[in-house]
Amino acid sequence: MTSANTNPPTDDDRYERIWAIVSDIPAACVLNYGEVARLAGLPGRARMVGRALARAPARLKLPWHRVVNSRGEISFRPDSSRHQRQRELLEAEGVEFENNIIDLERHAPSSVLDRMLWGP
DNA sequence: AAGATGACTAACT
DNA sequence: AAGTTAGCCATCT
């Protein structure tokens, strides 16, 4: 290789990795912040995922609503318009809520794919 | 410059 | 079962 990148990763690098992971979450699937962090190579840094999403340029059109917390809840204050918005987007693609909680197992990408291939 | 704040979470009580 | 704590750490006051 001619010019290997030996520089340590910057926060901007990390944000971009996070954005890349989120952009690949299929419709009707959800991942929690910690999982996105791990997939982005940043274990233990769930908070950074939230930060990255808050900073994401609108131009990227990320499916940010497919990221919820580890309990399967929307992390915005329940009375906020952002909470309402996220819930609408999720329900519009078929994600079901049971008492404001999503069944993370049922809506994990592997589960959703499984149902697509083999049926319920 | 230091303390508070979060789109977080696992591990305690 | 619900509340607290410790770790997370870039950003915002």
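Proteins get letters first, then strands, A, B, ... in listed order; numbering begins at 1 in each. Values below: all heavy atoms of this structure, side chains included; hydrogens, waters and symmetry mates excluded. This structure is a prediction, so every number in the text was calculated from the model and none was measured.
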| task | Starting at atom CZ of Arg55(A), determine the distance to atom P of dG6(B), rounded to an integer number of angstrom. | result | 17 Å

| Nearest-angstrom distance, P atom, dA6(C) to dA7(B) | 22 Å

| query | For DNA chain C, whose closest nucleotide is more 5', that of Asp12(A) or that of Gly44(A)? | reply | Gly44(A)

| Value in whole Å for how far the P atom of dC8(B) lies from CG of Leu42(A) | 16 Å

| message | With a 4.0 Å limit, can you tell me whether Asn32(A) has a side-chain N or O closer than that to the phosphate oxygens OP1/OP2 of dC8(B)? | response | no

| message | How many whole angstroms separate atom CD of Glu73(A) from atom C1' of dG6(B)? | response | 16 Å

| query | Can you check side-chain contact (heavy atoms from CB on, under 4.5 Å) on Ile74(A) and Asn100(A), steps first, answer last? | reply | CA-CA 8 Å; Ile74(A) 288 171; Asn100(A) 299 311; over 6 Å; no

| request: State, without any angle test, whether Arg71(A) and Asn32(A) hold a side-chain donor-acceptor pair at a distance under 3.5 Å. | output: no

| task | Kindly determine whether Arg85(A) and Phe76(A) satisfy side-chain contact (heavy atoms from CB on, under 4.5 Å), including the steps that lead there. | result | CA-CA 10 Å; Arg85(A) 174 94 174 99; Phe76(A) 293 117; over 6 Å; no

| query | So what does Arg71(A) hit on the nucleic acid, given a heavy-atom distance under 4.0 Å: a base, only sugar-phosphate, or nothing? | reply | nothing

| query | Are Arg14(A) and Arg45(A) close enough, and set up right, to give a side-chain contact (heavy atoms from CB on, under 4.5 Å), and what steps lead you there? | reply | CA-CA 11 Å; Arg14(A) 299 186 176 106; Arg45(A) 302 175 74 170; 3.5 Å; yes

| said: Whether Ser70(A) contacts dA10(B) is assessed here as follows: a side-chain N or O lying under 4.0 Å from the phosphate OP1 or OP2. Is that the case? | reply: yes

| remark: Atom CE of Met48(A) and atom P of dT11(C) are separated, to the nearest Å, by 7 Å

| query | CZ of Arg51(A) versus C1' of dC8(C): gap in Å, rounded? | reply | 8 Å

| query | dC8(B) and dA1(C): how far apart are their P atoms, nearest whole angstrom? | reply | 23 Å

| query | Tell me: CG of Asn99(A) to P of dA1(C), nearest whole Å? | reply | 14 Å

| said: Using atom P in both nucleotides, what's the gap between dT5(B) and dT4(C) to the nearest angstrom? | reply: 16 Å

| query | Whole-Å distance between dA7(B) P and Arg77(A) CZ? | reply | 10 Å

| message | Is the phosphate of dA7(B) approached by Tyr15(A) (side-chain N or O, under 4.0 Å from OP1 or OP2)? | response | no

| field | Any donor-acceptor N or O pair under 3.5 Å, side chains Ser111(A), Asp114(A) | value | no

